[in-house]
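Here's the structure we're looking at; comments come further down.
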Amino acid sequence: MDGHPERQYTSVSFLLDRAGLVRHVHLGGKLEPATPEFAAVEGRVRALLDEPAR
């Protein structure tokens, strides 16, 4: 994982919908509550949970 000039983290998280499709990628780092990034991910999770099951 060394040597890539744009890589700041060595972790990645994927948010999948009910069908298993990747709907969001968080490129690493800590998601801290009360930050705009946390709120954005939380909003995406809530929106996915509100989608009807197929």
Side-chain angles (χ1 to χ4, degrees):
M1 308 270 321
D2 293 335
H4 193 286
E6 295 180 26
R7 187 172 295 128
Q8 297 176 3
Y9 303 104
T10 58
S11 65
V12 64
S13 298
F14 299 96
L15 181 57
L16 307 176
D17 65 13
R18 294 176 195 263
L21 298 174
V22 176
R23 299 284 293 270
H24 178 73
V25 178
H26 179 260
L27 296 177
K30 193 173 187 179
L31 283 173
E32 299 269 350
T35 63
E37 189 174 36
F38 184 92
V41 171
E42 183 179 39
R44 290 176 187 253
V45 169
R46 290 184 187 279
L48 287 173
L49 289 173
D50 288 341
E51 288 183 1
R54 298 178 191 188

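Model, not experiment: these values are computed from the prediction.
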**Message:** Grouping I, L, V, M, F, W and Y whenever their side-chain heavy atoms are under 4.5 Å apart, do F14 and L27 come out in a common cluster?
**Reply:**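 Same hydrophobic cluster.
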
**Asked** L16 and L48: which non-hydrogen atoms are nearest, and at how many Å?
**Response**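 Looking at all heavy atoms of both residues, the shortest contact is O-CD1, 4.0 Å.
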
**Item:** Exercise: identify the closest heavy-atom pair between E37 and L31
**Value:**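 Minimum heavy-atom contact is CG-CD2, 3.7 Å.
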
**Request:** Nearest 0.5 Å please: distance from the OG1 atom of T35 over to the CD atom of E42.
**Result:**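 If we round to the nearest 0.5 Å, T35:OG1 and E42:CD are 10.0 Å apart.
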
**Rounded distance (nearest 0.5 Å) linking atom NE2 of H26 with atom CZ of F38** =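 Rounded to the nearest 0.5 Å, the NE2-CZ separation comes to 10.5 Å.
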
**Prompt:** Does the pair R23/E51 count as a salt bridge with the N-to-O cut at 4.0 Å?
**Reply:**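 Answer for the salt bridge query: yes.
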
**Test item: L15 and V22 side chains (from C-beta on) under 4.5 Å apart, heavy atoms** =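 Not in contact.
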
